[in-house]
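Below: the structure, in structure tokens.
Residue numbers start from 1 in every chain, and the chains themselves are labelled A, B, ... in the order their sequence lines are given, proteins ahead of strands. Computed from a prediction, not measured in an experiment: that's the story for all the values here.
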Protein chains: 2
Amino acid sequence: MGNNQKIGSTEEKILEAAKKVFIQKGMYGARMQEIANEAGINKALLHYYFRSKDQLFEAIFQEAFTEFIPKAFSVFHSKKPFEEKLKLFVSNYIDVLTANSYLPIFMLNEINQNPDRLGHMVNMMGIVRDKVSVELKINEEEGRYRAMDTVQLLSLVIGMTLFPYLAKPIIKGAFSLDNETFHAFLEERKILIPEIILNYLKIKN
Amino acid sequence: MGNNQKIGSTEEKILEAAKKVFIQKGMYGARMQEIANEAGINKALLHYYFRSKDQLFEAIFQEAFTEFIPKAFSVFHSKKPFEEKLKLFVSNYIDVLTANSYLPIFMLNEINQNPDRLGHMVNMMGIVRDKVSVELKINEEEGRYRAMDTVQLLSLVIGMTLFPYLAKPIIKGAFSLDNETFHAFLEERKILIPEIILNYLKIKN
DNA sequence: GTCTATATGGCGATAGAC
DNA sequence: GTCTATCGCCATATAGAC
């Protein structure tokens, strides 16, 4: 393992091109010819490096899974206080998503069409839930937070954070936001989302 | 216009089958043969009723758009107080989604791959935003709510509500929820989501 | 490793009998 | 309206020269 392919190597050019086309068109909409064009090479070379379209797709999909998701959830493994973790997660997640804005809808769609692809993600999310559970419990027992189900909390935060990327064309179209305004809209959520959640969790004196 | 095709007519059987297959596999993953099998008829009949695969797809897509979306957002045209509208919207939206749980990921994905398909939705969402804006403004001026951007509010509520349907296999898999538990999880959100939003909006005395 | 040329199969679409 | 048979294309995949 390890990313010690030369930068600019043919294999890497193929992976870049395939990522772009697969994410844009999906597994069935993508064409091997288009990937070859995008990579500036011949169609037959794709089969030389990756035996089939399926295997090329799987390489892209797994790469997204093993790099993207862990990066987004890494904060939960730190030792910071819960409120800080929450703020950092949202902020960090928004940055990662902004840099890969077409990845989420692609991944969700492919997982829905073939749930077998879930793989390791299941374990990772389970660990995140357990860690968050412990912190919620402590805060609850010490009278700072109200009781709240961890799965609800996580899915609310992730839902709020992720949605603008999934519905980007709808939001931009329906509310006539240009790129700059849309970006500002996303940035604002780094503050807004933790604020809303913490405001609900915290018991007022 | 008008749904006065006989129930069980060939055309309706085709539409049912096409809806099922297109939603499951997407535009490019779907096969005309599979739709024909699902409808219990011959492949050639599909072309007799709908000239091409594209036109059949468009029929399905537009039906989802013109029935599903307006139903979900109809509450905002009523005269109830804002808090009630919010609660009804979330509750009603969850019911509509539960009855069509594979529709959202399908629609979002197809819109992302071809944003031209947005069509009328743009106008409808614009109207919803304007109505909500007015109500937020009144509540703000009368000192009950803090100031909040309408697009943020709408996208937070929709994001929280929609997300479990988009990530259904992930949530069920990662947190090992069976069907019953997952359904209870969804029901709980009818209360939770409005509570969180209103708790944030309302200014405490 | 990289290319051109070609094989192979599948899919959307049509022709034409009934 | 509904079927069977078939066309024509295009996409994946392979063969084989360089």
*Have a look at Tyr49(B) and say if it touches a base, only the backbone sugar-phosphate, or nothing, with a 4.0 Å heavy-atom cut-off.*
sugar-phosphate
Rounding to a whole Å, what distance do you find between [X]:[atom1] and [N]:[atom2]?
| X | N | atom1 | atom2 | result |
| --- | --- | --- | --- | --- |
| Leu45(B) | dT2(D) | CG | C1' | 5 Å |
| Lys13(A) | dG1(C) | NZ | C1' | 12 Å |
| Glu34(A) | dT12(D) | CD | P | 10 Å |
| Asn37(B) | dC3(D) | CG | C1' | 15 Å |
| Lys25(A) | dT12(D) | NZ | C1' | 17 Å |
| Tyr48(B) | dC3(D) | OH | P | 12 Å |
| Ile14(A) | dT2(C) | CD1 | P | 8 Å |
| Asn42(B) | dT4(D) | CG | C1' | 7 Å |

*Mind jotting down which residue pairs meet the ring pair (Phe, Tyr, Trp, His ring centres under 6.0 Å) criterion with at least one end in residues 34-53 of chain A? Sequence neighbours excluded, please.*
none
*Would you mind telling me which of dT2(C), dA15(C), dA15(D) lies closest to the side-chain atoms of Ala44(A)?*
dA15(D)
Side-chain donor-acceptor pairs of residues 155-171 of chain A under 3.5 Å, sequence neighbours excluded:
{"from": "Ser155(A)", "atom 1": "OG", "to": "Val151(A)", "atom 2": "O", "distance (Å)": "3.0"}
{"from": "Ser155(A)", "atom 1": "OG", "to": "Gln152(A)", "atom 2": "O", "distance (Å)": "3.1"}
{"from": "Ser155(A)", "atom 1": "OG", "to": "Arg189(B)", "atom 2": "NH1", "distance (Å)": "2.7"}
{"from": "Thr161(A)", "atom 1": "OG1", "to": "Val157(A)", "atom 2": "O", "distance (Å)": "2.7"}
{"from": "Tyr165(A)", "atom 1": "OH", "to": "Ile94(A)", "atom 2": "O", "distance (Å)": "3.2"}
{"from": "Tyr165(A)", "atom 1": "OH", "to": "Thr98(A)", "atom 2": "OG1", "distance (Å)": "2.8"}

*Partner set under side chain to side chain contact (heavy atoms under 4.5 Å, CB included) for Ala30(A), not counting sequence neighbours*: Val21(A), Phe22(A), Lys25(A)
*Not counting sequence neighbours, list each pair that qualifies as a salt bridge (charged side-chain N to carboxylate O under 4.0 Å, His left out) and has a residue in residues 93-107 of chain B.*
Asp95(B)-Lys190(B)
*So which pairs with a foot in residues 103-116 of chain B pass salt bridge (charged side-chain N to carboxylate O under 4.0 Å, His left out), sequence neighbours left out?*
Glu110(B)-Arg117(B)
_Output one letter per nucleotide in nucleotides 7-13 of chain C: B when a protein non-hydrogen atom lies under 4.0 Å from the base, S when only the sugar-phosphate is that close, - when neither is._
----SBB
*Just checking, is any N or O donor in the side chain of Asp178(B) or Thr181(B) under 3.5 Å from an acceptor N or O on the other one?*
yes
